[in-house]
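Here is the structure we will look at, set down as structure tokens.
Order of listing sets the numbers, starting from 1, for every ligand and every atom in it. Values reported hereafter were calculated over all heavy atoms of this structure, with side chains retained and with hydrogens, waters and symmetry mates removed. We're numbering straight along the sequence, starting at 1.
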Amino acid sequence: MATYGRFPIELVRGRGVWVWDSTGKRYLDCVAGIAVCTLGHSSRALRRGLTDQLRKLQHVSNLYRIPEQERLAAWITANSCADKVFFCNSGAEANEAAIKLARKHGHAVRGIENPVILTAQASFHGRTLAAVTATGQPKYHEGFEPMVQGFRYFPYNDTAAFEALLAECEAEGPRVAAVLLEPLQGEGGVNPGNPAFFKRVRELCSERSILLIFDEVQVGVGRSGCLWGYQKLGVEPDALTLAKGLGGGVPIGALAVKATADQLRAGEHASTFGGNPLSCRAGLVVAEELARRNLPAHAEAMGVLLQNQLADLATRHPELAEGARGWGLLQGLVLQPGGPSAIEVVKAAMAEGLLLVPAGAQVVRFVPPLTIKPRHIREAIRRLERALLACRTTTPSAT
Ligand SMILES: *Cc1c(COP(=O)(O)O)cnc(C)c1O
């Protein structure tokens, strides 16, 4: 089906931060499957771990105990604020599980008949019906109405607007089950969360026993420069959702919750593939490599380098770019309104052998493997600069 607007290249092989298309052209991959290939392409550790697992056992049902799943859950809980984990296969599914958990919490803990979940404008939570309703971007709703009941939206990082919406919803008593937020909005334009805003949201949620859920599908698992995005904000959620980078390219998602926030009992939620031995083994390899190679700290250092170089690029070409923002290896180059759009820059970069992905109309996003080295970053900047200059000569300026 034509659900994707695809670029006309066919990627057939990868190694580290490089991928090759079917004509033999090589690209520096700063997309990494959209923040998925944490360890780069064709990682030795993943090949070894997965080959070993395939020789032992690929899939069994959650009718039985699964040791790889228990070990991955133990790693997540030992290294995060969460105490328990449910595994699924994608980010949208992880958020679906979180939404079900929130509704049960609303009924059971707050005594709400029709619970509401508050989410941010410009957010992105996935494409299943409830996750896309949670997504505060009308363009993703169009044509799929009626949307799921029980969602309200507020502007991200806006404390006054959040307080006003909360007060409105709770004017006649408890109504809000949960607040669902990305610590940094990825898809919505690489907007980092404001610590003061998140601290206030945390306080208000705690006062009222409202669940605070973080969607860490893109920012989690080391990409932010910390293991979890919430560490950048100094605020702990009651639950967090994970997916993209967790399996390094093997599909896996997870909902991790504090013991105090756990509401789901046997039979209330399930997934056939969720947490199978193969996907959890991939998660375990990613976890081991993150620790062994200290990749969150490496992502922080590489992120500083990348952001500084993008900011320098913006200074050299103020008519094209405004500046750079992001955390760790989730960075955005903010383009000037009226100049080339993000998609135009992405296309020009592809011609120069650099893969990038837009985050909205005016931001070009960098989400490379966490294993990227300084020389790759310098090469990416050289290729991006050539692409920007090529755009300038083909795009009429607004001024
Ligand atoms: C990609 C993404 C999702 C959706 O994940 P899928 O695996 O595509 O369902 C949800 N939330 C955030 C923050 C994402 O970046």
Side-chain angles (χ1 to χ4, degrees), residues 1 3-6 30-38 86-102 117 119-137 139-141 144 148 151 153 156-157 178-193 198 212-224 228-230 232-233 237 239-256 271 273-275 279 282-283 286 326-332 356-360 363 365-368 370:
M1 292 171 79
T3 58
Y4 303 96
R6 296 180 196 266
C30 288
V31 177
I34 313 193
V36 167
C37 304
T38 309
F86 171 83
F87 288 100
C88 51
N89 314 286
S90 66
E93 269 179 281
N95 288 327
E96 287 284 333
I99 291 163
K100 284 179 71 176
L101 174 81
I117 297 171
T119 72
Q121 289 163 7
S123 58
F124 187 80
H125 299 295
R127 302 298 199 112
T128 58
L129 209 42
V132 84
T133 307
T135 296
Q137 300 194 56
K139 69 171 179 186
Y140 291 120
H141 299 175
F144 302 107
V148 173
F151 289 89
Y153 314 95
Y156 191 63
N157 280 342
V179 178
L180 171 62
L181 283 169
E182 292 161 90
L184 172 154
Q185 290 188 327
E187 162 79 26
V190 192
N191 295 312
F198 271 82
L212 179 56
I213 305 169
F214 283 177
D215 178 343
E216 297 230 7
V217 167
Q218 189 160 162
V219 79
V221 201
R223 182 160 294 280
S224 70
W228 316 110
Y230 71 77
K232 285 267 165 187
L233 296 168
L240 63 158
T241 55
L242 306 173
K244 290 192 167 85
L246 182 59
V250 175
I252 184 168
L255 166 65
S271 167
F273 295 118
S279 63
V286 169
W327 290 341
L329 288 173
L330 206 178
Q331 294 288 336
L356 298 170
V357 57
V363 178
R365 180 171 27 163
F366 289 73
V367 280
L370 302 193

Ligand 1 contact on Glu93 by region, counting heavy-atom pairs under 4.0 Å: neither

Ligand 1 atoms in contact with Ser90 (distance to a heavy atom under 4.0 Å): 7 (O), 9 (O)

Identity of the nearest option to atom 5 (O) of ligand 1, non-hydrogen atoms only, from Gly91, Ser123, Gly229: Gly91

Counterpart residues, salt bridge (Lys or Arg N to Asp or Glu O under 4.0 Å), relative to Glu93 (two or more places apart): none

Pair Ser279, Asn89: side-chain N/O donor-acceptor within cut-off below 3.5 Å: no

Tyr156 and Phe198 aromatic ring geometry - parallel, tilted or perpendicular at 30°/60° bounds: perpendicular

Glu182, portion touching ligand 1 at heavy-atom distance under 4.0 Å: side chain

Contact (N/O only, under 3.5 Å) between Val217 and ligand 1: no

Within reach of ligand 1, part of Ala92 (heavy-atom separation under 4.0 Å): both

Trace of the side-chain contact (heavy atoms from CB on, under 4.5 Å) decision for Val221 with Lys244: CA-CA 9 Å; Val221 201; Lys244 290 192 167 85; over 6 Å; no

Main-chain N/O of Ser123 paired to Tyr153 side chain as donor or acceptor, under 3.5 Å: no

Check: Asp215 N/O within less than 3.5 Å of ligand 1 N/O: yes

Sub-3.5 Å N/O-N/O distance, Ala243 and ligand 1: no

side-chain contact (heavy atoms from CB on, under 4.5 Å) assessment of Phe151 paired with Ile99: CA-CA 10 Å; Phe151 289 89; Ile99 291 163; 3.9 Å; yes

Identity and separation of the nearest protein heavy atom to atom 14 (C) of ligand 1: Lys244 NZ, 2.8 Å

Option from Asn95, Leu240, Thr135 for which side-chain contact (heavy atoms from CB on, under 4.5 Å) with Asp215 holds: Asn95

Contacting atoms of ligand 1, where contact means under 4.0 angstrom from a heavy atom of Gly126: 4 (C), 10 (C)

Test item, His125 contacting ligand 1 (heavy atom, 4.0 angstrom): yes

Proximity to ligand 1 by part of Asn95, non-hydrogen separation under 4.0 Å: side chain

Interatomic spacing from NE2 in His125 to CG in Leu181 - rounded to 0.5 Å: 7.0 Å

Distance-minimising heavy-atom pair for Val367 and Gln218: CG1-OE1, 4.1 Å

Sub-4.0 Å atoms of ligand 1 with respect to non-hydrogen atoms of Gln218: 15 (O)

